[in-house]
Amino acid sequence: MIPYATQNITKGDIKKVSDVLKSDFLTQGNVVPEFEKKLSQFTGARFAVCTNSATSALHISCLALNIKKDDIVWTSSNSYVASANCALYCGANVDFLDINSKTYNICLKSLKSKLRYAEKIKKLPKLLIVVHFSGSACEMEKIWKLSIKYNFKILEDASHAIGAKYNNEKIGNCRYSDVTVFSFHPVKIITTGEGGAALTNDSSLKKRMTLLRNHGVTKNEKEMINKIDGPWYYEQQILGYNFRMTDIQGALGISQLSRIKSNIAKRKKIATIYNELLSDLPVLRPMFDPDSAFHLYVIRLKTNLIKHTHLEVFNFLRKKGIGVNLHYIPIYKHPFYKSRNIKEINFPNMEQYYREAISFPMHLKLTKKKLTYITNILKIILLGNHCDT
Ligand SMILES: *Cc1c(COP(=O)(O)O)cnc(C)c1O
């Protein structure tokens, strides 16, 4: 099976990781702080706080932004469940936005009208979590202007988008947000096995997130509330968690980050080849954003022009060894969210997208030959007289 995504690990990566395994510190040494420094240099954000996953980073971001019981948080309907769960961990209520049918990011028009209505009924969100779907940035400047008008915070779930650009600057610099989160899961642009990071320019948010990832405990003498009893002394100041990244993971992250430019260039090349190979087929190709990180390659079937259903095409591709996927099941459709009485009728673009979308393999192990194989299989089912579905 050709997977839809997979990690890219070099001998250099393995060397960096084994160096840590042979060193004195597997965790809480100086490798994670070095990775954090590299992330902040890479993005232009003042601070980076590494965690054991993007999910944890989203969680501590919401806590640091003071999301509490009964607050309202909005996010995209087209994301992984983690983008919404983080608000619920803090006791807040979550609501969703429909997507733009070209970018598959949140629809600005529906955001505006939802804000106007929310203002009327006095249910404005305290936080908006935007998701840069597939590594292509949301319209951040416009969203940021709305955040000033309606007084909400912005958290960027950039799990797909490390290395992507917006207005010629790196995603993660937090120019138009309070915090940006990256994921280093193996299917993402770069990996640490499991891992994530929260970036910010705000020193008080950085301080809170650093406490939250480590039990709420500090060893920093300058930050102590009590008088220091002795050299053993540390202090728990808030209720935190163990969301730390290990130095083993940090070493892999540093090594991976050093290759990100060529990694994204290869992904861009793959997207270009797909675009050419699929040009004559009854499919809608993804919008081409040259500044994307090219995390996913999602096509949409023109279902009115083909004789097979979406499910039949999907099953045929899987049967032929192509690990196609679907990003994403609308979050509000999951049984857990369905019980929260969210109406599908409010998400027409997301609903249609879900009936047509297929994520094709997108990773560095794809060759021109494999891409040709993949697109030929799609051709057989879409254009051929194939009845073996
Ligand atoms: C992968 C992903 C997450 C979760 O990342 P983890 O590092 O696995 O916790 C959250 N949001 C989006 C959009 C993702 O793609």
Side-chain angles (χ1 to χ4, degrees), residues 3-7 32 35 39 48-63 73-90 94 96-97 99 103-106 127-138 140 154-164 171-172 177 179-199 209 212-213 241-246 249-250 252-253 256-257 267 286 292-298 325-332 334 336-337 350 353-354 357 359 362-363:
Y4 94 84
T6 183
Q7 66 274 14
V32 168
F35 184 35
L39 284 169
V49 179
C50 283
T51 55
N52 58 356
S53 70
T55 304
S56 309
L58 289 165
H59 185 177
I60 61 173
S61 301
C62 286
L63 289 171
V73 176
W74 291 359
T75 190
S76 175
S77 47
N78 190 26
S79 189
Y80 190 56
V81 292
S83 306
N85 289 345
C86 55
L88 302 184
Y89 296 152
C90 308
V94 144
F96 299 96
L97 289 153
I99 56 169
T103 63
Y104 316 146
N105 282 329
I106 56 167
L127 173 67
L128 172 65
I129 303 174
V130 299
V131 181
H132 303 304
F133 183 79
S134 175
S136 183
C138 296
M140 291 311 297
I154 301 174
L155 170 54
E156 295 175 73
D157 181 345
S159 292
H160 302 181
I162 184 168
I171 289 287
S177 68
V179 183
T180 301
V181 165
F182 293 142
S183 171
F184 307 128
H185 183 278
V187 300
K188 306 295 162 74
I189 306 285
I190 66 169
T191 190
T192 60
E194 295 278 0
L199 294 100
M209 292 194 293
L212 285 161
R213 119 183 117 174
Y241 304 84
N242 180 352
F243 286 164
R244 293 186 305 257
M245 176 184 274
T246 67
Q249 294 167 307
L252 184 54
Q256 292 258 316
L257 185 62
R267 290 170 179 275
S292 174
F294 297 92
H295 169 56
L296 299 171
Y297 187 88
V298 178
N325 217 315
L326 207 169
H327 298 89
Y328 286 96
I329 301 163
I331 299 179
Y332 55 77
H334 290 279
F336 174 76
Y337 281 95
M350 186 65 215
Y353 171 89
Y354 185 54
S359 305
M362 171 54 96
H363 53 79

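In listed order, ligands and their atoms are each counted from 1.
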**OP:** Apply the side chain to side chain contact (heavy atoms under 4.5 Å, CB included) test between Ser177 and each candidate in Leu128, Ile129, Val130, Ile154; give the one that qualifies.
**Re:** Ile154

Original post:
Does Lys188 have a heavy atom less than 4.0 Å from any atom of ligand 1?
Top reply: yes

Original post:
Do any heavy atoms of Ser79 fall under 4.0 Å from ligand 1?
Top reply: yes

**OP:** Would you confirm whether Gln249, through its side chain, and Glu194, through its main-chain N or O, come within 3.5 Å as a donor-acceptor pair?
**Re:** yes

Subject >> Sub-4.0 Å heavy-atom contact, Tyr328 with ligand 1 >> reply: yes

Original post:
Should the ring pair Tyr4 and His327 be called parallel, tilted or perpendicular, given that the plane angle runs from 0 to 90° and is split at 30 and 60?
Top reply: tilted

**OP:** Verify, without hydrogens or angle tests, whether Ser134 (side chain) and Phe294 (backbone) share a donor-acceptor contact under 3.5 angstrom.
**Re:** no

Original post:
Just which atoms of ligand 1 are under 4.0 Å from any heavy atom in Ser83?
Top reply: 11 (N)

Original post:
If you measure from each heavy atom of Ser56 to ligand 1, is any distance below 4.0 Å?
Top reply: no

Original post:
Is there a side-chain contact between Phe184 and Gln256 (heavy atoms, below 4.5 Å)?
Top reply: no

**OP:** Pick, from His185, His160, His132, His59, the option with the minimum heavy-atom distance to atom 8 (O) of ligand 1.
**Re:** His185

Original post:
Considering only protein heavy atoms, which is closest to atom 4 (C) of ligand 1, and at what distance to one decimal place?
Top reply: Thr55 OG1, 3.7 Å

Original post:
So which heavy atom in the protein is nearest atom 11 (N) of ligand 1, and how far is it from that ligand atom?
Top reply: Asp157 OD2, 2.7 Å

Original post:
Looking only at distance, does Tyr80 have an N or O less than 3.5 Å from an N or O of ligand 1?
Top reply: no

Subject >> Aromatic plane relationship, Tyr241 with His59 - under 30° parallel, 30 to 60° tilted, over 60° perpendicular >> reply: tilted

Subject >> Option whose closest heavy atom lies nearest to atom 5 (O) of ligand 1, chosen from Ser76, Ser53, Ala54 >> reply: Ala54

Original post:
What atoms of ligand 1 come within less than 4.0 Å of a heavy atom belonging to Ser159?
Top reply: 2 (C), 3 (C), 10 (C), 11 (N), 12 (C), 13 (C), 14 (C), 15 (O)

Original post:
With no hydrogens and no angle check, do the side chains of Ser159 and Asp157 hold a donor and an acceptor under 3.5 Å apart?
Top reply: yes

**OP:** Would you mind listing which atoms of ligand 1 come within a distance below 4.0 Å of any non-hydrogen atom of Ala82?
**Re:** 10 (C)

Original post:
Atoms of ligand 1 less than 4.0 Å from Gly195 heavy atoms?
Top reply: 7 (O)

Original post:
When the ring planes of Tyr353 and Phe133 are compared, do they come out parallel, tilted or perpendicular, using 30° and 60° as the limits?
Top reply: perpendicular

Original post:
Would you call Leu155 and Thr75 a side-chain contact if the rule is heavy atoms closer than 4.5 Å?
Top reply: no

